[in-house]
2 protein chains.
Amino acid sequence: MSSIPTQLSPGIEIAALRNKCSTCSMHELCLPVGLDVDDMRRLDSVITKRRRVLKGEMLFRMGERFTNLYAVRVGHFKTTHIDSTGLEQVTGFQMAGELLGFDAIATESHHCNAVALEDSEVCELPFSRIEDLSREIPNLQRHFHRMMSQEITREQGLMLMLGAMRAEQRLAAFLVNLATRYARRGYSAKAFQLRMTREEIGSYLGLTIESISRLLTRFRKQGLIAVAHKEIVLLDIEGLKTLISTTNNSESLSIKPCD
Amino acid sequence: MSSIPTQLSPGIEIAALRNKCSTCSMHELCLPVGLDVDDMRRLDSVITKRRRVLKGEMLFRMGERFTNLYAVRVGHFKTTHIDSTGLEQVTGFQMAGELLGFDAIATESHHCNAVALEDSEVCELPFSRIEDLSREIPNLQRHFHRMMSQEITREQGLMLMLGAMRAEQRLAAFLVNLATRYARRGYSAKAFQLRMTREEIGSYLGLTIESISRLLTRFRKQGLIAVAHKEIVLLDIEGLKTLISTTNNSESLSIKPCD
DNA sequence: CGTTTAATTGATCACTATCAACCGTCGTGG
DNA sequence: CCACGACGGTTGATAGTGATCAATTAAACG
């Protein structure tokens, strides 16, 4: 489960075997959702390039000309934005089956950096060819629109979080969101590895690293989670979900055991 | 300029004259960007319905089945989200030429309420017909994707704001954003009317109404703006822009004249 | 190992929320 | 036309949350 191919070896043959949407384990989540075998083959003919991105490397950077979307095949990414003052902020975390680069379509230049959080692999989706193909394959068009819309929804969720939730709620929501996404990929929703640092979580949630650290400690003391370094176990997902929708001033009286 | 037809009378004739993309004053900003006369005509044949929405009325509501996108023709809207605790939050403000409903494509049901901030008028864009047509008109397809991407970018901007900016910066950014959007529509970037209440601004920016009120007062005392009720004049747009990128701890020493 | 980076924990401070009182404006109906 | 009421907005006093500053501790890496 935690195994990422540490050595993706001299690849052509492997490519021929595995580098197809039809055989990719993510095809139930990724762009090819809803395509029949024939259409999937046509999509395969457009998505020919795979790219490995080592931990810490950039897949694309702000300002770079946009030509491809990317689908995460293996691994995890973060997207970051650097504002005029030089402050870097995390705008998202992407895992296998998720697409990167939607924000670049409008201006044809990337608005964020995409950085691998571990050794990862992506499929290159030449955007204009995807557009061509989605004019011929309504199911592809439809699902492509769905995925863009999903990205809009995701960001709205984050907006709502940043606008209205307190620190505790934000972190709880973040953990539950990760859990959900892992579950859909067939991984455990309860136990997983945080691929990002506390600082990156904080940046994403609009909080400081110290707050993240303190909150994790508090959640642990409350028996909601178990954490050791980057390994985390959600011991009480329902409890976390309750936290999320707990209104500010509501009876934090009854239980607030330690500390 | 402030004139909304108070009585859009027994409309067929008016419709024939005005209710076409080709003659709409927003066609440089709205969906038909980049279409030639012929394609515009085809789009006209799909966008046949206009709808008036009076101040305070809902164009669509959360949970409602999605069939149409909407383009604002005249007036202003807000989109709001109501969470499980019943808290209502503003997620966006839309003006003429902007599209509403992108977030509903993924699940085919609306994720937000759209409410008119003044008597307004929208064009109904039957989504499946737009998809059909954009398979036939690459320029339409391209621009449609651009508009969705723009929406993603807009929300990212808001995320960055909510995650990293302080109250003062948020409000300054908000005002400058409005100014830019009015300018592109040929209106004054400096003087305009706030169509939303202070409370709605606060909700959108993750602040309370009291904070908005205080900040407007402070901006006024600093000579950055002039406000009276909903009328606002940006006296020093550069000053506002400077505020936005002013880092937290930076010399608030030199100038902080009155209270 | 030694050095660097990530994380934890504590003490204090600042920003903005909250609570509260009050004012002005607009719309309505007497 | 004026009085009333409701709503939106302003202003002040206080408090809470999370930032900031600072000091350790723990892990990761060469």
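In what follows, chains are A, B, ... by sequence order, proteins preceding strands, each numbered from 1. Please read these numbers as outputs of a predicted model, since none were measured by experiment.
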Asks: Measure from the side chain of B:Ile209, starting at C-beta and using heavy atoms only, and say which of C:dG10, D:dG9, C:dA17 lies closest.
Replies: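 Given the options C:dG10, D:dG9, C:dA17, the side chain of B:Ile209 is closest to D:dG9.
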
Asks: Verify whether one side chain among A:His76 and A:Glu118 offers a donor that lies under 3.5 Å from an acceptor in the other.
Replies: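 Result is yes, a qualifying pair exists.
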
Asks: Between B:Lys55 (NZ) and D:dG8 (P), how many Å, whole number?
Replies: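 Rounding to the nearest Å, NZ of B:Lys55 and P of D:dG8 are 10 Å apart.
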
Asks: Nearest of D:dT20, D:dG18, D:dT11 to any side-chain atom of B:Ser213?
Replies: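 Of D:dT20, D:dG18, D:dT11, D:dT11 is nearest to the side chain of B:Ser213.
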
Asks: Indicate yes or no: does B:Glu121 engage B:Arg51 in a salt bridge with an N to O separation below 4.0 Å.
Replies: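 No, B:Glu121 and B:Arg51 are not salt-bridged.
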
Asks: Rounded to whole Å, how long is the line connecting atom CG of A:Leu194 with atom P of D:dA27?
Replies: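 Rounded to whole Å, this separation is 16 Å.
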
Asks: Ignoring hydrogens and angles, state whether a donor on the side chain of A:Glu88 or A:Thr80 is under 3.5 Å from an acceptor on the partner side chain.
Replies: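 A:Thr80 and A:Glu88 do have a side-chain donor-acceptor pair below 3.5 Å.
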
Asks: With the threshold set at 4.0 Å, does a side-chain nitrogen-carboxylate oxygen contact exist between A:Glu98 and A:Arg181?
Replies: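 Looking at A:Glu98 and A:Arg181, the cut-off is met.
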
Asks: Between D:dT20, C:dA17, C:dC19, spot the one nearest the side chain of B:Thr208, thanks.
Replies: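 Given the options D:dT20, C:dA17, C:dC19, the side chain of B:Thr208 is closest to C:dA17.
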
Asks: Per the side chain to side chain donor-acceptor pair (under 3.5 Å) rule, which among B:His81, B:Glu155, B:His111 passes with A:Gln156?
Replies: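 One option only clears the test, and that one is B:Glu155.
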
Asks: Among the nucleotides D:dG12, C:dT9, C:dA7, which one has an atom lying closest to any side-chain atom of B:Glu210?
Replies: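 My answer, after comparing the listed nucleotides, is D:dG12.
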
Asks: Between the side chain of A:Glu231 and the main-chain N/O of A:Ala228, is any donor-acceptor distance below 3.5 Å?
Replies: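 No; zero donor-acceptor contacts below 3.5 Å.
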
Asks: Quick check on the helix from C:dC1-D:dG30 to C:dG30-D:dC1: what's the angle between its two end axes, five base pairs per end, to the nearest 10°?
Replies: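 The helix from C:dC1-D:dG30 to C:dG30-D:dC1 shows an end-to-end axis angle of 40°.
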
Asks: Check this for me: does the side-chain of B:Glu168 come within 3.5 Å of the base of C:dC15 through a donor and an acceptor?
Replies: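 Check fails, no donor-acceptor contact within cut-off.
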
